[in-house]
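Values below: every heavy atom of this structure, side chains too, minus hydrogens, waters and symmetry copies. First the proteins, then the strands, lettered A, B, ... as listed; each starts at 1.
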2 protein chains.
Amino acid sequence: MTEDGRRTTGPGGTARRGRPRSFDREAALEQAVLAFWEHGYETTSVADLTRVMGIGAPSLYAAFGDKKALFEECVARYGERQGSYMGVALAEEPTGGAAVRRLLREAAAVFTAPGRPRGCMVISSAVNYQDAGAEVAAGLRGIRNRNLRTIEGRLREDLAAGLLPPTADPATLARFVGTVLQGMSQQARDGATRQELDAVAEIALTAWPAV
Amino acid sequence: MTEDGRRTTGPGGTARRGRPRSFDREAALEQAVLAFWEHGYETTSVADLTRVMGIGAPSLYAAFGDKKALFEECVARYGERQGSYMGVALAEEPTGGAAVRRLLREAAAVFTAPGRPRGCMVISSAVNYQDAGAEVAAGLRGIRNRNLRTIEGRLREDLAAGLLPPTADPATLARFVGTVLQGMSQQARDGATRQELDAVAEIALTAWPAV
DNA sequence: TTCTTTCTGTAGCGACCACTAGAGAAACGT
DNA sequence: ACGTTTCTCTAGTGGTCGCTACAGAAAGAA
């Protein structure tokens, strides 16, 4: 049994038995991403989810497990698609400094892209929670703190390569980047335009230490 | 009838009739502030509130109206106490630039003060919501955007007084300050220490334009 | 066709949501 | 003491929460 409880063909290429799923799992998942992204984990009910996904509750539970598992799959999916800008910037730019510059500039665009929720799902979808959302919130916090350490690692390389002044502290610089990103995400949710966020990112980058 | 539905003495100084309230309204309000601050508006139930306030639901409704009215009173109270740092900085510092410097440095301390929730209540207590919390979220967003315009006004004065370079844009600078504050609030909630936030604020201030 | 497998829709589980009716308790003035 | 006023406590209201039992539908296998 695969994670989603089904596959189109068996191991030997034989067709799967039983009634086939009547909805597009990928499309339904994408709708769930949008709902969680917009309203957050605890504040999005299963009824909200089934409505936007266009399926009944039993189908949701059969295909995704439960609400928490669905959310985690949504976070993973978000990270592969809309939220991939951070990994891409870190992977494609040659230095940490260049990655940070690209990161902040792309965030301004990504956080205000039309036709989808504003801001970053990893940042904003589990800010308010009670016991039921504590684990999920801890998971997102873990992602954020891991991202911070990744940036810090890249900046440590910059420091060793002489691309940062010897007095620069990679950990603090990384936290500064995270702070600006989280602030930009909230600003986007408060109505800031892409141009306004671009200007904010530009100011933040003037704080970057030069050798 | 006063807002809270009672007073200790009547207009003529005569004692109030009827059974007196058996709890300290101020103390109960303060506990409600802490609960909303920690968990947010929609994710704090009336049962949570009555528990931390130490009163029954009918007493809460008699003394504060309903959940929304209680929250609004909590926001007002927060603004007078723990959240007053912004107004104080803007009122006491002679220039916008000095106010911003003080603001960011005090935020590092206020957002990580021991014995109370981390971050800023106005920033973080209505990030995730559905229909029921939409009005409350809009109210907080209004406070944030009003604060931004207040800072912008002070920076406009700095610009006119020649304390900022003529190319500086007060609106963008104000939004940068708001972005860093919102980011610092989230960082505090993610576990950043006061020292770490201090260092972040210091970096942010290096971006401040000098004449 | 008939059996087996898997999905879907109805209907509802106990728990909780914000909120309140109504009875009794505790203060007042007279 | 007695009536009036106001608060508190018990016990609920209808509605929604996440989740699921069960029956019927829709597919492949025999």
Partner set under side chain to side chain contact (heavy atoms under 4.5 Å, CB included) for B:Arg105, not counting sequence neighbours
B:Arg101, B:Glu202, B:Leu205
Pairs touching residues 85-99 of chain B that satisfy salt bridge (charged side-chain N to carboxylate O under 4.0 Å, His left out), sequence neighbours left out
B:Glu92-B:Arg102, B:Glu93-B:Arg102
Within 45° of the ring axis of A:Phe23 and under 6.0 Å from its six-membered ring centre, is that where the NZ or CZ of A:Arg21 lies?
yes
Here the residues of residues 54-61 of chain A within 4.0 Å heavy-atom distance, strictly under, of DNA chain C are A:Pro58, A:Ser59
Roughly, in whole Å, what's the span from CG in A:Leu49 to P in D:dC17?
10 Å
For B:Arg77, the salt bridge (Lys or Arg N to Asp or Glu O under 4.0 Å) test, sequence neighbours excluded, returns B:Glu26, B:Glu30
Rounded to whole angstroms, how far apart are CD on A:Gln130 and P on D:dG18?
14 Å
Which atoms of nucleotides 15-17 of chain C (N or O only) lie under 3.5 Å from a protein N or O atom, and what are those distances?
{"from": "C:dC17", "atom 1": "OP1", "to": "B:Ser45", "atom 2": "OG", "distance (Å)": "3.1"}

May I have the distance from B:Phe71 (atom CZ) to C:dA18 (atom P), rounded to whole angstrom?
14 Å
To the nearest 0.5 Å, atom OG1 of A:Thr50 lies from atom CD of A:Gln31 at 12.5 Å
What is the distance, to the nearest angstrom, from the CZ atom on A:Arg25 to the P atom on C:dT8?
12 Å
Calculate the interatomic distance between A:Tyr129 atom OH and D:dC17 atom C1'; express it in whole Å.
20 Å
Result block: side-chain N/O donor-acceptor pairs under 3.5 angstrom for residues 169-179 of chain B, not counting sequence neighbours:
{"from": "B:Asp169", "atom 1": "OD1", "to": "B:Ala171", "atom 2": "N", "distance (Å)": "3.3"}
{"from": "B:Asp169", "atom 1": "OD2", "to": "B:Thr172", "atom 2": "OG1", "distance (Å)": "2.6"}
{"from": "B:Arg175", "atom 1": "NH1", "to": "A:Gln187", "atom 2": "OE1", "distance (Å)": "2.7"}
{"from": "B:Arg175", "atom 1": "NH2", "to": "A:Glu196", "atom 2": "OE1", "distance (Å)": "3.4"}
{"from": "B:Arg175", "atom 1": "NH2", "to": "A:Glu196", "atom 2": "OE2", "distance (Å)": "3.4"}
{"from": "B:Thr179", "atom 1": "OG1", "to": "B:Arg175", "atom 2": "O", "distance (Å)": "2.7"}

Distances under 3.5 Å between protein N/O atoms and the N/O atoms of nucleotides 23-26 of chain D, please, pair by pair.
{"from": "D:dG24", "atom 1": "N2", "to": "A:Arg19", "atom 2": "NH1", "distance (Å)": "3.4"}
{"from": "D:dA25", "atom 1": "N3", "to": "A:Arg19", "atom 2": "NH1", "distance (Å)": "3.3"}

Could you measure the distance from the CZ atom of A:Phe36 to the CG atom of A:Leu49? Nearest 0.5 Å is fine.
4.5 Å
Going by the rule side chain to side chain donor-acceptor pair (under 3.5 Å), which residues pair with B:Thr44 if we only count those two or more places apart in sequence or in a different chain?
none
Using a strict threshold of under 4.0 Å (side-chain N to carboxylate O), is an ion pair present between B:Lys67 and B:Glu72?
no
Could you check how far NZ of A:Lys68 sits from C1' of D:dC17, rounded to whole Å?
18 Å
Of D:dC19, C:dT8, C:dC28, the nucleotide closest to the side chain of A:Asp66 is D:dC19
With sequence neighbours excluded, what pairs up with B:Glu135 under the side chain to side chain donor-acceptor pair (under 3.5 Å) test?
B:Lys68
Short of 4.0 Å, heavy atom to strand atom, which residues of residues 29-39 of chain A count as contacting DNA chain D?
none
Take A:Arg154 and A:Asp158, measure what salt bridge (Lys or Arg N to Asp or Glu O under 4.0 Å) needs, and give me the verdict at the end.
CA-CA 6 Å; A:Arg154 292 296 301 273; A:Asp158 280 19; 5.7 Å; no
Report the residues that fulfil side chain to side chain donor-acceptor pair (under 3.5 Å) with B:Glu152, sequence neighbours left out, ordered by chain and then residue number.
B:Arg156
Excluding sequence neighbours, so at least two apart, what forms salt bridge (Lys or Arg N to Asp or Glu O under 4.0 Å) with B:Asp48?
B:Arg51
